[in-house]
Amino acid sequence: MTLKCENCDYSFSFCTSEKVNKLHSINLAFVFGMRIIGKGHSPAKKLCSAINIDVPSKRAFGFLEKKLEFAASNVACNTMKEAALEIRSNKTDTEFSQCGVSVDCTWQRRGYSSLNG
């Protein structure tokens, strides 16, 4: 945010959110929120223009998406590894372990839901 005096040339710029790993947390939260609802840069641009705020550039938006993708991928991999270790530790004397798996039967594209399961 920048404050500018109308009577002189004085201006003062400052950040309105804290930085996390050199990234503004508000921008990361904004991109995360847009991705959670299944929207990308174009709808983000439309939303920001409607409420009169600056939108991150398409390049910055994509960079933040990649950061979020990397973090989500790491969490997913670690969670699956922990689950596999837990299943292995609970196995009986037999060579195989049994566990239930749940899937949602949808394609990996936004807005598409399989009717056939």
Side-chain angles (χ1 to χ4, degrees):
M1 184 171 281
T2 302
L3 300 174
K4 293 181 182 180
C5 179
E6 291 180 357
N7 298 327
C8 64
D9 291 333
Y10 178 78
S11 69
F12 179 72
S13 297
F14 59 95
C15 296
T16 57
S17 68
E18 63 184 38
K19 284 189 173 184
V20 177
N21 294 331
K22 299 181 182 179
L23 300 172
H24 292 280
S25 62
I26 189 71
N27 292 341
L28 200 55
F30 175 67
V31 172
F32 180 67
M34 293 302 292
R35 298 308 300 153
I36 285 291
I37 63 170
K39 302 297 180 187
H41 185 259
S42 292
K45 204 164 133 178
K46 204 178 274 189
L47 172 65
C48 289
S49 68
I51 58 176
N52 197 25
I53 61 172
D54 290 334
V55 63
S57 69
K58 190 167 187 162
R59 184 176 178 197
F61 195 92
F63 175 77
L64 292 169
E65 282 180 315
K66 291 290 181 194
K67 288 285 190 184
L68 289 168
E69 178 187 7
F70 180 74
S73 179
N74 280 344
V75 169
C77 287
N78 289 338
T79 303
M80 287 185 277
K81 284 178 186 176
E82 288 174 13
L85 289 173
E86 184 179 337
I87 291 168
R88 285 185 193 142
S89 69
N90 290 336
K91 78 176 188 179
T92 58
D93 294 335
T94 63
E95 187 178 333
F96 299 102
S97 295
Q98 292 184 357
C99 68
V101 177
S102 175
V103 294
D104 68 358
C105 300
T106 60
W107 289 81
Q108 292 297 314
R109 293 186 353 214
R110 287 185 295 203
Y112 182 81
S113 183
S114 175
L115 298 175
N116 297 325

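Computed from a predicted structure; not experimentally measured.
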Q: Flag yes if L68 and I36 sit in one hydrophobic cluster, no otherwise; membership is Ile, Leu, Val, Met, Phe, Trp, Tyr, and two members link when side-chain heavy atoms are under 4.5 Å apart.
A: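 Same cluster: L68 reaches I36 through Ile, Leu, Val, Met, Phe, Trp or Tyr contacts under 4.5 Å.
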Q: Taking side-chain contact (heavy atoms from CB on, under 4.5 Å) as the test, write out the residues that go with L3, two or more places apart.
A: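 Residues passing side-chain contact (heavy atoms from CB on, under 4.5 Å) with L3: F14.
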**Q.** Contacts of K81 that satisfy side-chain contact (heavy atoms from CB on, under 4.5 Å) - sequence neighbours left out
**A.**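 K81: no side-chain contact (heavy atoms from CB on, under 4.5 Å) contacts found.
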On a heavy-atom basis, which atom in [X] and which in [Y] lie closest, and how many Å separate them?
X	Y	answer
R35	K39	NH1-O, 3.0 Å
V31	E65	CG1-CG, 3.8 Å
S13	T2	OG-OG1, 3.0 Å

(Q) I'd like to know whether CG of N74 has more than 12 heavy-atom contacts from other residues, nucleotides or ligands below 6.0 angstrom. (A)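 Yes, the 6.0 Å shell around CG holds more than 12 heavy atoms from other groups.
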Euclidean distance, [Y] [atom2] relative to [X] [atom1], rounded to 0.5 Å:
X	Y	atom1	atom2	value
K66	S73	NZ	OG	11.0 Å
N27	L64	CG	CG	6.0 Å
M34	L47	CE	CG	6.0 Å

Q: Would you check, one step at a time, whether the test side-chain contact (heavy atoms from CB on, under 4.5 Å) holds for I53 with F30?
A: CA-CA 12 Å; I53 61 172; F30 175 67; 5.7 Å; no
(Q) According to ring-ring contact (aromatic ring centres under 6.0 Å, His included), does anything in residues 56-82 pair up with another residue at least two apart or in another chain? List the pairs. (A)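 Qualifying pairs: H41-F61.
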